[in-house]
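Here the structure is laid out as structure tokens; the discussion comes afterwards.
Count residues from 1 along the sequence. For ligands, and for the atoms within them, numbers begin at 1 and follow the listed sequence. When reading the values below, keep in mind they use all heavy atoms of this one structure, side chains included, and skip hydrogens, waters and symmetry mates.
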Amino acid sequence: MSEFPDYLDVDYTGGEGESPEDYPSLQHKIEKAIEVTRTGLEEYENPAIMWTGGKDSTLTLYFVKEVAEKHGLEMPPAVFLDHYQHFDELIDFVEHWADEWDLDVHFARNEDIGAYVEEHDLTPGDEIEISELNEQNRHHIRNILEYEEDTFPFLLDTYVGNHLLKTVPLNNAIEELDIDGIVSGVRWDEQEARADETFFSPRHDPEIYPPHDRIQPILQFDERAVWDCFWHYVVPDTVEAYPEEGYVPDDADDLPNGLTQDDIPVSPKYFAGFRSLGSEVSTEKSEDEPAWHQDLENTTERAGRAQDKEDLMERLRDLGYM
Ligand SMILES: Nc1ncnc2c1ncn2[C@@H]1O[C@H](COP(=O)(O)OS(=O)(=O)O)[C@@H](OP(=O)(O)O)[C@H]1O
């Protein structure tokens, strides 16, 4: 067998110059997602899927599960990047649905930082002493990020924090599991830095990351389409008692057929009004209404997210972030 990526037949330009409007209906968006997912599962020898329990990655996971089942393809493992600042509910959610769906979930962490945090009993925002970290972390801080201070804050939505807590464990997991294609739930409309992404996106520079590709089946979804797809496809297809034609609940007490929130693969945080679920300290809820009932078209999904990080997205992405 030839070396990666020679054995692949994927179009790295697919999606170039496109936007969500090029896929005008939910049906168009779903068809494209299924096509990309199927090509991904068939072409890559060792694919995996990134999964946080958030709406985008759970939607992506749904497509992967459906395609794998329908075409008799192996279900890839999921990779959960535990950055030590998740909402507890999110981890419970991932464990519950991993069990329900019989998924193999690999929890990837920057354990060197985790140990430091535990030893010094840090809370988010406290400073981390760089000289006390291991060689890999120091190499990333000094040579890749070119950060020169003696300490950095234990905060996810910052340049150093995000890179060390998410991108470094992602790279380590890609290497450890020998992943050649990793499925991610990014969308064009989320951020400028993601607007030019393609459905199959190469990350081949060995100086920066273990060479691999990103498989991105839901670039063409906007936030509204994500929720429409949940209530009309994901939930009816995965929850036996849910009405087949779908139903959009007004709140957790409005679920049909005696179902409760625990029966539904939608994180309770979205019922409580969160629009995106980055980390416990950087994410605020915008309103009390469930996410799908908010004014998605005229307000921003990431209002609760540290702005600092949004501004850094382009650089983080170039270094291997999503
Ligand atoms: N911690 C972790 N573990 C596994 N996978 C992850 C992680 N963070 C991001 N992702 C993948 O990227 C998708 C988009 O994430 P976000 O837009 O929330 O990223 S960010 O926090 O704004 O940087 C995200 O989808 P959702 O989390 O469902 O939005 C995943 O496909």
> By number and element, which atoms of ligand 1 are closer than 4.0 Å to a non-hydrogen atom of D56?
Replying inline: 25 (O), 26 (P), 28 (O), 29 (O)
> Do you know which two heavy atoms are closest between T151 and E127, and how far apart they sit?
Replying inline: OG1-OE1, 2.7 Å
> Which atoms of ligand 1 are found less than 4.0 Å from any heavy atom of W51?
Replying inline: 4 (C), 5 (N)
> Taking the six-membered ring for Trp, are Y44 and H212 ring centroids under 6.0 Å apart?
Replying inline: no
> Under 30°, 30 to 60°, or over 60°: which ring-plane class applies to H86 and H83, parallel, tilted or perpendicular?
Replying inline: parallel
> Which atoms of ligand 1 sit under 4.0 Å from any heavy atom of G54?
Replying inline: 28 (O)
>> Are F274 and F87 an aromatic pair, judged by ring center distance below 6.0 Å?
In response: yes
>> Using a 4.0 Å cut-off to any heavy atom of T52, which atoms of ligand 1 qualify?
In response: 1 (N), 2 (C), 3 (N), 4 (C), 5 (N), 6 (C), 7 (C), 8 (N), 10 (N), 26 (P), 27 (O), 28 (O)
>> Looking at ligand 1, is there an atom of it that comes within less than 4.0 Å of some heavy atom belonging to Q216?
In response: no
>> Please verify the inter-ring angle class for Y147 with F152; under 30° counts as parallel, over 60° as perpendicular, anything in between as tilted.
In response: perpendicular
>> Are the side chains of V79 and F107 in contact, using a 4.5 Å heavy-atom criterion?
In response: no
>> I'd like the name of whichever of V186, L81, L277 reaches closest to atom 3 (N) of ligand 1 through any heavy atom.
In response: L81
>> Judged on heavy-atom distance to atom 17 (O) of ligand 1, which of R187, R194, R317, Q85 sits nearest?
In response: R194
